[in-house]
Amino acid sequence: MRQLTRAALVAAAAAMLPAAAAADTLKVGLLLPYSSVYASLGNEITDGFNLALATYGEGLEISTVQEDTEVKPNVGLAKTRKLILQDEVDVIVGVVSSGVLGALRDFVHRAEVPLVVANAGNSVMTGASCSPYVIRVSFSNDQVNRPMGPWLYEQGVGKVYTLAPDYAAGRQMIEAFANAYTEAGGEIVGQAFTPFQDTKDFGPYLTAAQESGADALFTFYAGGEAIAFVKQYGDFGLSDSLPLYGSGFLTSPLYVAAQGPAADGVVTSLHYVPTIDTPENTSFRATYRERFEREPSEYAVAGYDAGRLVVEALRTAGGPGEAFHSALRTTSFTGPRGPLRIDPATNNVIQNIYVYRTEVAEDGTATQVILDTIEAVQDPPAGCEM
Ligand code: PHB
């Protein structure tokens with residue numbers, strides 16, 4: 001049904017337009033949260049994506065349709081159906097929540113429309129439930145957190161308490177860290193998962209962590225939850241007795257200013273920080289700051305690299321279709337975060353992971369001090385068969 005419609009459209013377009021103009025045209029569905037707890041992330045990914053089109057897309061005709069997932073799996077799926085069946089997009093870019101990605105995976109797989117994931121780290125979607133049509137340029141929940149296991153143990157931290165929101169991303173990030181940490185010799189002395197989007201008071205959880213006998217706290221929170229959590233951690237005055245670690249979304253440059261001094265000294269790991277000292281990042285950071293008057297975050301870079309991937313694949317293929325899909329899976333480049341390529345075995349990105357400390361100055365400005373770089377981190381296939 002969809003293919004018939006697509007074929008009819010292509011025939012009509014070919015009759016009306018010069019061939020070259022038709023070939024370089026691409027319709028992109030931007031599927032992101034523009035409301036709710038991850039709204040700022042969705043806007044930042046959109047800014048990064050549009051900047052990449054402006055930077056790399058000269059001469060190409062790329063149109064976009066934006067849809068709001070509201071961070072709800074059922075809404076994300078409904079919007080995916082709309083983008084594919086009604087708007088007939090050639091590719092979908094976006095998805096922030098692991099829960100939303102899990103909900104729409106089967107639909108894009110059956111429709112055979114490529115999805116370039118620009119955030120959602122759901123490891124299963126590039127593991128046991130992988131699909132040739134789900135191509136992730138952001139990170140996986142395992143990839144970001146696994147390196148922190150041995151790293152933290154080697155710092156002399158022997159006992160950890162973990163906290164994260166109770167949904168796919170929280171569960172996977174903590175599991176990846178905890179497995180690697182206990183394998184290295186560390187002990188998880190307690191864990192809690194807080195109701196996702198529904199926890200305003202982290203006090204009882206911080207109290208339980210404090211009483212657990214842990215040397216440190218390891219967490220994943222993002223967006224509005226990260227702001228609330230880090231501020232409340234600061235109010236508890238735990239930085240000496242129970243130092244805070246986690247995945248780097250916790251103190252993202254996107255919202256670290258809202259966390260204030262509580263973010264000072266927090267050590268986390270991530271695939272991008274604005275202080276990466278390379279020519280590619282220096283120039284990207286300058287452009288981004290000039291255009292948006294703020295530091296680029298990992299969300300901006302995921303949107304930017306997703307845009308660049310789409311543009312480069314379109315140039316290689318000359319238009320949408322199977323050649324474009326295959327180019328999405330094989331294009332590699334060095335961007336603001338360092339070298340990246342898509343792993344043909346899983347469709348997950350292979351990239352560096354940076355361990356960094358957030359430092360907040362007296363005037364409230366935050367900087368990211370890179371403590372370690374773990375190069376070319378690659379997930380095992382974990383049941384993925386393409
Ligand atoms: C996810 O749900 O996969 C997710 C959401 C926000 C983040 C990172 C991961 O910052």
Side-chain angles (χ1 to χ4, degrees), residues 31-46 48 69-73 75-77 93-105 115-127 129 134 136-146 148 163-177 193-199 218-230 246-256 258-259 263 266 268-273 296-303 305-306 337 348-349 351 353-354 356 358 379:
L31 182 66
L32 286 159
Y34 295 110
S35 59
S36 182
V37 67
Y38 292 155
S40 63
L41 286 60
N43 287 319
E44 179 96 332
I45 292 169
T46 306
T69 65
E70 301 169 26
V71 201
K72 292 182 184 140
V75 175
L77 176 58
V93 172
V95 191
V96 161
S97 158
S98 283
V100 173
L101 179 56
L104 57 82
R105 179 266 175 213
L115 163 65
V116 176
V117 180
N119 187 73
N122 194 331
S123 305
V124 181
M125 300 302 135
T126 46
S129 300
V134 177
R136 182 158 47 209
V137 74
S138 48
F139 62 90
S140 83
N141 295 332
D142 281 13
Q143 182 182 43
V144 165
N145 292 280
R146 199 172 52 233
M148 271 300 259
L163 270 177
D166 192 8
Y167 83 106
R171 295 263 167 193
Q172 290 177 5
M173 296 213 197
I174 295 302
E175 190 183 342
F177 164 75
F193 290 94
T194 56
F196 181 42
Q197 304 200 59
D198 209 20
T199 306
F218 185 93
T219 69
F220 158 69
Y221 285 105
E225 289 197 323
I227 299 172
F229 177 78
V230 171
S247 53
F249 312 103
L250 186 65
T251 50
S252 173
L254 183 58
Y255 36 76
V256 70
Q259 296 170 333
V266 178
T268 56
S269 59
L270 205 57
H271 50 289
Y272 176 76
V273 286
S297 69
E298 65 279 17
Y299 307 112
V301 167
D305 286 344
R337 64 180 112 168
N348 192 51
V349 60
Q351 61 186 339
I353 296 295
Y354 304 91
Y356 74 98
T358 295
D379 279 354

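Remember, it's 1-based here, ligands and their atoms both numbered in the order they're listed.
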Could you list the atoms of ligand 1 found under 4.0 angstrom from a heavy atom of [X]?
X: Ala169; result: 1 (C), 2 (O), 3 (O)
X: Ser97; result: 1 (C), 2 (O)
X: Asn119; result: 4 (C), 5 (C), 6 (C), 7 (C), 8 (C), 9 (C)
X: Met173; result: 8 (C), 9 (C)
X: Ala222; result: 6 (C), 7 (C), 10 (O)
X: Val96; result: 1 (C), 2 (O), 3 (O), 4 (C), 5 (C)
X: Tyr299; result: 7 (C), 10 (O)
X: Phe139; result: 8 (C), 9 (C)

ask   = Regarding Arg171 and the six-membered ring of Phe193, is the cationic atom NZ or CZ under 6.0 Å from the ring centre and inside 45° of its axis?
value = yes
request  = Over 60° means perpendicular and under 30° means parallel, so classify the ring planes of Phe139 and His271, tilted if in between.
outcome  = parallel
Only pairs under 3.5 Å count here: list side-chain donor-acceptor contacts from residues 219-226, not counting sequence neighbours, and write none if there are none.
{"unit_1": "Tyr221", "atom_1": "OH", "unit_2": "Thr194", "atom_2": "OG1", "d": "2.8"}
{"unit_1": "Glu225", "atom_1": "OE2", "unit_2": "Gln197", "atom_2": "N", "d": "2.8"}

So, [X] side chain and [Y] main chain: donor-acceptor pair closer than 3.5 Å or not?
X: Asn141; Y: Met173; result: no
X: Gln143; Y: Val349; result: yes
X: Ser297; Y: Tyr299; result: yes

If we only count N/O pairs under 3.5 Å, is [X] in contact with ligand 1?
X: Asn122; answer: no
X: Gly121; answer: yes
X: Tyr167; answer: yes

ask   = Is a side-chain donor-acceptor pair under 3.5 Å present for Gln259 with Thr251?
value = no
key: Partner residues of Ser247 under the side chain to side chain donor-acceptor pair (under 3.5 Å) criterion, sequence neighbours left out   =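 Partners of Ser247 by the side chain to side chain donor-acceptor pair (under 3.5 Å) criterion come out as none, since no residue qualifies.
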task = Identify, for atom 3 (O) of ligand 1, the protein heavy atom at the shortest distance, and state residue, atom and that distance.
result = Ser98 OG, 2.6 Å
